[in-house]
Amino acid sequence: MTVVVTGATGGIGSAMVRRFADRGDDVVAVARPTEALDALCADVPSAVPAPLDLERPGGLPAALCDLREVEVLVHAAGIADVASVTDTPHDLWQRTMAINVTGPAELTRALLPALRAARGRVVFINAVAGLHGVARWSAYAASKAALTELADSLRLEEAAHGVRVTSVYPGGIATELLRTVRGAFGRPYDPAALVSPESLAETVCAIVDAPLDIDVTDISVQPPPR
Ligand SMILES: NC(=O)c1ccc[n+]([C@@H]2O[C@H](COP(=O)([O-])OP(=O)(O)OC[C@H]3O[C@@H](n4cnc5c(N)ncnc54)[C@H](OP(=O)(O)O)[C@@H]3O)[C@@H](O)[C@H]2O)c1
């Protein structure tokens, strides 16, 4: 299968890249052009780098333009600045909506012909925080709520083309993003009490492999109660 993963250099995205590559899939790893992206693709031979800034997604790299069939597109890029409305300047709103919503929409649009050709699946890594308002996390929560509606609309639009759409709502995945967020909220960060990115990647693979007579539309993923 050909699998495109955004946020490939991040905690969740890099686990996705490694998990799909381990299965023998061809993986296109999307992130901004950095040494981290090059290092990941050097370490995972079946992963091809596709440098792309989702804030300005015009002009896709060849690694994406040349794809004729895409079985899976996982959107795992995102930013999650902790700030209330009163502390969120316009440019942070724009950046948050661009990276978390409009960039993913534009990349999906560009890859739809290849997704339709493969009757593929789009997976949006949303967030529990997108299901309700969160004080001091306004732009992030708003962007994730918008991502839900994007996914739900896309599912309806693409059903006739055989493209499936899944929203995954994680909470508490052990990554640097969560460490920063917990720090900003003054909450402890203990990776041992969280879901590992590898477990989330395994769960997404299970969704991708689900029998065709099941449509997994939404799934919530968090650490078990202790
Ligand atoms: N960790 C959690 O507990 C948790 C819970 C719920 C939802 N999520 C969601 O899961 C997703 C991944 O989170 P994570 O914890 O893996 O975060 P992370 O480790 O900070 O990774 C974020 C990724 O987003 C990419 N990114 C940021 N700005 C970008 C831009 N302008 N263009 C392209 N890529 C960009 C980063 O790549 P570069 O900076 O290298 O470009 C990086 O690969 C996010 O959408 C987050 O909201 C996470």
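Numbering of ligands and ligand atoms starts at 1, following listing order. The chain is numbered in sequence order, starting from 1.
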Region of N100 that comes within reach of ligand 1 [heavy atoms, distance under 4.0 Å]: neither

Closest protein heavy atom (residue, atom, distance) for atom 48 (C) of ligand 1: I12 CD1, 3.6 Å

For ligand 1, the portion of K144 having any non-hydrogen atom under 4.0 Å away: side chain

Close N or O approach (G78, ligand 1; < 3.5 Å): yes

Side-chain ion pair, D152 and R155, N-O less than 4.0 Å: yes

E158/R116 salt bridge by N-O under 4.0 Å criterion: yes

Numbered atoms and elements of ligand 1 in range of L52, under 4.0 angstrom, heavy atoms: 32 (N), 33 (C)

Nearest-contact summary for atom 32 (N) of ligand 1 - protein heavy atom, Å: L54 N, 2.8 Å

Proximal candidate to atom 21 (O) of ligand 1 [heavy atom criterion; set G10, A80, A31]: G10

Modelled atom types, side-chain donor and acceptor of S220 and Q222, under 3.5 Å: yes

ILVMFWY cluster, V3 and V17 together (side-chain gap under 4.5 Å): yes

Main-chain N/O of S167 paired with N126 side-chain donor or acceptor, under 3.5 Å: no

Best match, T175, V195, V5, L147: closest heavy atom to atom 14 (P) of ligand 1: T175

Proximity flag V30 to ligand 1, non-hydrogen atoms under 4.0 Å: no

Nitrogen or oxygen of L177 less than 3.5 angstrom from that of ligand 1: no

Flag for T180-Y189: side-chain donor and acceptor within less than 3.5 Å: no

Which residue and heavy atom of the protein sit nearest atom 31 (N) of ligand 1, plus the separation: D53 OD1, 2.7 Å

Side-chain ion pair, D209 and R23, N-O less than 4.0 Å: yes

Taking atom 27 (C) of ligand 1 as the reference point, the nearest protein heavy atom with its distance: R32 NH2, 3.8 Å

Charged N-O contact under 4.0 Å between D87 and R136: no

Min side-chain heavy-atom separation V48-V27 under 4.5 Å: no

Distance-only N or O hit between ligand 1 and P170, under 3.5 Å: no

Shortest protein contact, atom 3 (O) of ligand 1 (heavy atom only): I173 N, 2.8 Å

Shortest protein heavy-atom distance from atom 38 (P) of ligand 1, along with the residue and atom involved: T9 OG1, 3.4 Å

Residue part near ligand 1, for N126, under 4.0 Å between non-hydrogen atoms: backbone

Nearest-contact summary for atom 47 (O) of ligand 1 - protein heavy atom, Å: Y140 OH, 2.6 Å

Check: A76 N/O within less than 3.5 Å of ligand 1 N/O: no

Minimum-distance protein heavy atom relative to atom 26 (N) of ligand 1: A77 CB, 4.2 Å

Ligand 1 N/O within reach of V128 N/O, cut-off under 3.5 Å: no

G11 N/O to ligand 1 N/O under 3.5 Å: yes

Shared hydrophobic cluster for V123 and L67 (ILVMFWY, side-chain gaps under 4.5 Å): no

Flag side-chain contact, heavy atom, 4.5 Å: M16 against V204: yes

Atoms of ligand 1, numbered as shown, that sit under 4.0 Å from any heavy atom of G172: 3 (O)

For A127, the ligand 1 atoms whose distance to one of its heavy atoms is below 4.0 Å: 6 (C), 7 (C)

Short N or O distance, T34 and ligand 1, threshold 3.5 Å exclusive: no

Sole residue of R119, M1, R121 in side chain to side chain contact (heavy atoms under 4.5 Å, CB included) with E71: M1

Parallel, tilted or perpendicular: ring planes of F185 versus W137, cut at 30 and 60 degrees: perpendicular

Heavy-atom side-chain proximity of V74 to V208 below 4.5 angstrom: no

